[in-house]
Structure formats: structure tokens, C-alpha cells
Chemist: 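Just dropping this structure here.
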Amino acid sequence: MSAVAHAYRYAHASAALAEPSGPRLSLATSSPQADGGAAHPHFFEGRLLQPRLCAELLSAVHLVVGSRFFTPANSVARAIALADPVVTAGGELLRFEGFSSCCSCYVRVDLLPDSYDGQVVGKGTTNVDFNAPMRAALARLRDADGLALSVGRDALTLQSGDSEVVERKVALPLRWLRGMVEVQSYLAGMRHRFELKGLEALRFLRTLPKASTSRTPLWVVPSPKGPFTTTRPHPQGVRVTDTSRLRVLEALLPKARSLAVHADEAQQASAWVLNFPGARLTLALSAEPWRGFSGEGQALRALMRMDDERAVSQVRAQLNWQALIDAPALARTLDIAEASVEDSLRILGASGLVGFDVVERRYFHRVLPFDLSSVEDMHPRLADARELMARGAVTIAKTSPVEAQVNSSGTAYSVREIDGELRCTCPWYAKHQGERGPCKHVLAVEATAFAAEGGQ
């Protein structure tokens, strides 16, 4: 399994500290990766208004990060060090996000201004130390105790004695990195399907199997009498396989105002959003637990067709840790087409530079604190498509509808436009039918046809 070496370096370990005024949760931040930022940035100082809820939300992030919902056949799950959650500060929000080791489950907690009394004093993204003693302290926390929160403050301001450097080296699988960037494209393509009150959602969730032994997909369908499941595709339903991935929501639902469910049109991914006073938790699931987000390729079209590098650089220059990015306003500011801004944001999302908020329907700025530049095969289909174009392997016979031939590895594949969709005769398309993004031949044909039309 390919991996990238990554080191977390913390000035101290995260801890729940006993102070005269009450407990303080000190979350240590990691030194950023050569991004010009300050070492161990200080993001936040204040008090949480709902200590127990916030503790449960942070614990849910770590639960997902420490989970594996699928192990490939004929292999043993490789023991890897857990990837510490990522925290982003900016626009008066704190966002904590992470990804399961199997790449099929993404989680993010958004702490909104109504959830705290304090200040977001810094901007940026880095990892936070989630260690076993700190998690145990979170489990014991009660609202009556109160809770002060410090994200990234130097240990010397909180305790006496010399500071301690905590360093952990991990091997981040390339699939994990690809999943973290790919899931943003899926979230951007989703729409709101239905919403349930918190207790109604809890009653429904308790009817689902506690463990999944079947790969049979279920459709969760809303109805006046409450949601139900069926094994048959339903136009109002949301597809989900392995409902055990939803178990992280169960303990949180009694306090939730509502559960909003989102899904893309092709039912290849879903997002389950718990809404609380002052906070949200977003749980995104891939279509199957064995189908991690890492292999999807939903951003490849934007990456391949967006040859206006000036637009991408212009949009990137406007990023300043915004909690929400207003694409129409950005297009007016830069005097470029809104579609060009949206494509640029998709490219930046696939590069780990922005995330997507499915509730607000907007991107937000954050930089994943990993050395993504060293990952040469982040998008292998994209590299293959460009190689095909470079050696003139694409022949366009007709442009409307498109008919083309691609010579690849000694075989000639036909690419044809049928009902507005390009279809290929290659094994990849035969297996996935376009559900996991375009194959390299379709990508090469689309880009070639786009260039022939003058990029219009």
C-alpha cells in the first residue's frame, strides 16, 4: 500500500486541565508544513457554552478517524497510526474534520459562534492532538463542570515546568489523502433530500441493523408516518450500504434539532447532517464501504478542462481562511465568469485547498496540513489522459454528437456521445458505467474536443 511519511510535532500533548475556575481543554496544534505559518498556531481561547455536547462532537470525530468499515479480501488490515483530526479556524468558526482509514466515511464538526464565548484569534489549518487520556477526560465531562477551550496555546501558559515536544510519525496512505480531497467534489454535487426531527431520526436509526453483513444497498425513504427502508430503488429515497456507518450519530441525536440528508443525483454518496444550537456535524458516506472516496474522480473533468490557469491563480489569491466563499461576488470582483470561478474552486478542492459546506452550499478555505505536492499519483487517470493527448492518441471523427477513437496500450477504444454522456468501450467504463468519474479515454476526448472548439 503506497503511503506518504508524515510527522505530527506538538509543543505539548492535548489535555483536560483542572483549574480553579473549572476544567480547561487544551488542544495542541501541530507545527504546519512549510507553509510560512507560525509554529503551533494559537487559534482560539474561550469557554464552550455546551460543554458536554462539544465533548461528544469531538469524540465523534475521533471515533470515525479510528474506524475501518472495510478490509480488502485476502488481506489483513494493516495497523497504521491514526491520522489526527484537522482543525480550521477562520470567519468565527472552528471546523474539525477527519476521514476513516478505509476511506469510505468523512466527518466534520463545525462550531459556530453561538456555541462559544470567546475569540477565534487566529486563522489557518493544522492537525490537533487527540490522545487517549484527553478522550477519556472528554467522556467524563458534564455540563455542570463548564469547560474552557484553548486551541493551540503554548503549554507554558497553562502549566508550570518545561514544555514537552510530542512527535508521532505516521504513514498516511495515498488512498486516505485522495479521499480527503475527493469528498469535497461529491459534497458540492449533492442536494437536500429530506429532513427529520432529532427524536424521529433517533427512533428510525434504532431500527437499522447494528452490524452489516450484507452488501445489499438500502434506500431510506421519507413518508408522513416516518422514514422506512426498502431494497428497491426509490425516487425519493437515499441509497446507503452498511448502515453501521451511521452508528456514530445515534448518541448525538437526542440533543439534535434535526437530521438533514443530502445525496448526489447518481446516488453514489450521501451526507447526514446533525443540526444543534450553535454546531453541526456532517457525516459523508461513499456508496459502498469497499468503495472509498479515494477512487472516485468526480473532480477530474474540472481539472482536465480548466486550462485557464490564470483564473485558478486569481481565485486562489483571494483565499483568506473564509468560512464561506461567495462565488458570484468573487466573479464580480475578479471580472471573470462565475462558471470559471466554480471550476477553479473544484480544482482547489481537489488540491486540498478548500472544503465544501453542504448546508451552506459554499466552499470554505482551508489547507490540508499534508505535503500533497509529493503525491505523484493523486490523479492517475488525469495523468494518463494528458499522456494520451500528448502522443496524439485521440482522433475526433465527429463533434456533434461526439464520436472519437483513442489508441491506448495497443487497443483502439471508441468513445461516443449518447444522450449527452460520453461512453467508452474500455473495461473501466464497462465496469463502472461512469459512476466513478470518467475513464482516461473519455477525459482525453473531452479535453481534445474542448480545445478544438477554442475552449468555448
Side-chain angles (χ1 to χ4, degrees), residues 6-17 24-48 54 57-58 61-62 65 82-99 108-113 115-131 134 147-159 162-170 172 177 180-181 279 316-325 348 351-355 357 363-373:
H6 182 69
Y8 301 110
R9 186 175 178 85
Y10 300 102
H12 61 99
S14 292
L17 306 172
R24 174 187 294 272
L25 179 62
S26 173
L27 296 181
T29 56
S30 177
S31 294
Q33 306 291 319
D35 60 0
H40 311 290
H42 178 208
F43 287 156
F44 177 82
E45 185 73 30
R47 301 191 69 83
L48 298 178
C54 290
L57 289 172
L58 294 178
V61 172
H62 193 271
V65 170
L82 299 182
D84 281 342
V86 171
V87 60
T88 298
E92 299 186 323
L93 267 69
L94 286 174
R95 302 182 192 265
F96 297 84
E97 61 184 317
F99 216 72
R108 191 182 73 245
V109 165
D110 301 330
L111 296 184
L112 310 177
S115 68
Y116 61 81
D117 180 13
Q119 253 189 319
V120 176
V121 296
K123 296 179 180 180
T125 304
T126 189
N127 296 97
V128 287
D129 173 45
F130 264 48
N131 55 61
M134 189 271 295
L147 182 65
L149 174 66
S150 177
V151 182
R153 185 174 292 282
D154 192 327
L156 292 177
T157 66
L158 298 175
Q159 63 188 41
D162 295 333
S163 62
E164 174 189 10
V165 174
V166 179
E167 182 170 294
R168 293 197 301 276
K169 295 182 179 180
V170 300
L172 292 176
L177 292 172
M180 278 293 283
V181 299
R316 182 171 182 174
Q318 296 296 313
L319 300 181
N320 188 29
W321 310 106
Q322 298 97 323
L324 294 173
I325 298 172
L348 295 171
S351 304
L353 300 181
V354 295
D357 189 324
Y363 288 92
F364 60 90
H365 182 210
R366 66 98 165 85
V367 181
L368 288 176
F370 312 112
D371 184 12
L372 298 179
S373 64

Chemist: Output all residues satisfying side-chain contact (heavy atoms from CB on, under 4.5 Å) with Ala16, sequence neighbours left out; order by chain, then residue number.
Modeler: Ala137
Chemist: Report the relative orientation of the aromatic rings in His62 and Phe130; use parallel for angles under 30°, tilted for 30 to 60°, perpendicular for over 60°.
Modeler: parallel
Chemist: Counting neighbours of CZ on Arg316 that are heavy atoms of other residues, nucleotides or ligands and sit closer than 6.0 Å, is the number greater than 12?
Modeler: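 Counting other residues, nucleotides and ligands, CZ of Arg316 stays at 12 neighbours or fewer.
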Chemist: Please confirm whether the backbone N or O of Ala28 pairs with a side-chain atom of Ser14, one donor and one acceptor, at under 3.5 Å?
Modeler: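 Here the side-chain-to-backbone pair exists.
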Chemist: Output yes when a side-chain donor or acceptor of Ser30 lies under 3.5 Å from a complementary backbone atom of Thr126, and no otherwise.
Modeler: no
Chemist: Within a strict 4.5 Å, meaning less than it, do heavy atoms of the Leu149 and Tyr116 side chains meet?
Modeler: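 With C-beta onward as the side chain, the pair stays apart.
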Chemist: Nearest heavy-atom pair of Ala148 and Arg47: which atoms, and what distance?
Modeler: CB-NH1, 3.7 Å
Chemist: Looking at Glu92 and Pro113, what are the two nearest heavy atoms and their distance?
Modeler: O-CG, 3.5 Å
Chemist: Measuring from Leu25:CG to Leu147:CG, what's the distance to the nearest 0.5 Å?
Modeler: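 CG of Leu147 is found 5.5 Å from CG of Leu25.
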Chemist: Output the distance between atom OH (Tyr363) and atom CG (Leu348), rounded to the nearest 0.5 Å.
Modeler: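 Answer rounded to 0.5 Å: 9.0 Å.
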Chemist: Apply ring-ring contact (aromatic ring centres under 6.0 Å, His included) to Phe364 and list each qualifying residue two or more places apart in sequence or on a separate chain.
Modeler: none
Chemist: Are the side chains of Leu324 and Leu93 in touch, meaning some heavy atoms are under 4.5 Å apart?
Modeler: no
Chemist: Are His365 and Thr125 close enough, and set up right, to give a side-chain contact (heavy atoms from CB on, under 4.5 Å), and what steps lead you there?
Modeler: CA-CA 9 Å; His365 182 210; Thr125 304; over 6 Å; no
Chemist: Short question: side chain of Asn127, backbone of Asp84 - any donor-acceptor pair under 3.5 Å?
Modeler: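 Checking the backbone N and O of Asp84 against the side chain of Asn127, a donor-acceptor pair under 3.5 Å is found.
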Chemist: Give me the atom names and distance for the closest heavy-atom approach of Leu48 to Cys54.
Modeler: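 The answer is CD1-CB, 3.6 Å.
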Chemist: Not counting sequence neighbours, which residues clear side-chain contact (heavy atoms from CB on, under 4.5 Å) with Ser115? List them please.
Modeler: Leu111
Chemist: Apply side-chain contact (heavy atoms from CB on, under 4.5 Å) to the pair Ser26 and Met134, showing each step before the final yes or no.
Modeler: CA-CA 9 Å; Ser26 173; Met134 189 271 295; over 6 Å; no
Chemist: So does Gly352 get a backbone contact from the side chain of Arg366, meaning a donor-acceptor N/O pair under 3.5 Å?
Modeler: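 Side chain of Arg366 to backbone of Gly352: a pair is present.
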Chemist: Without swapping roles, check the side chain of Asp129 against the backbone of His12 for a donor-acceptor pair under 3.5 Å.
Modeler: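 Such a contact is absent between Asp129 side chain and His12 backbone.
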Chemist: Looking at Val61 and Gly98, what are the two nearest heavy atoms and their distance?
Modeler: CG1-N, 4.5 Å
Chemist: For Arg95, enumerate each residue passing the side chain to side chain donor-acceptor pair (under 3.5 Å) test, keeping only those at least two apart in sequence or located in another chain.
Modeler: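 So Arg95 forms a side chain to side chain donor-acceptor pair (under 3.5 Å) with Asp110, Asp357.
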Chemist: To the nearest 0.5 angstrom, please state how far the CG atom of Leu94 sits from the CG atom of Leu27.
Modeler: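 Output value for this atom pair is 9.5 Å.
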Chemist: Parallel under 30°, tilted from 30 to 60°, perpendicular over 60°: which one fits the rings of Tyr10 and Tyr8?
Modeler: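 Because their plane-to-plane angle is under 30°, the rings of Tyr10 and Tyr8 count as parallel.
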Chemist: ring-ring contact (aromatic ring centres under 6.0 Å, His included) with Phe96: which residues, sequence neighbours excluded?
Modeler: none
Chemist: Step by step, work out the side-chain contact (heavy atoms from CB on, under 4.5 Å) result for Val367 and Leu319.
Modeler: CA-CA 10 Å; Val367 181; Leu319 300 181; over 6 Å; no
Chemist: Using every non-hydrogen atom in the two residues, find where Gly118 and Phe44 come nearest and quote the distance to one decimal.
Modeler: C-CE1, 4.2 Å
Chemist: With the side chain counted from C-beta on, respond yes when His6 and Pro369 share a heavy-atom pair under 4.5 Å apart, and no when they do not.
Modeler: no
Chemist: For Gln119, check side-chain contact (heavy atoms from CB on, under 4.5 Å) against everything at least two apart and list the hits.
Modeler: Val121
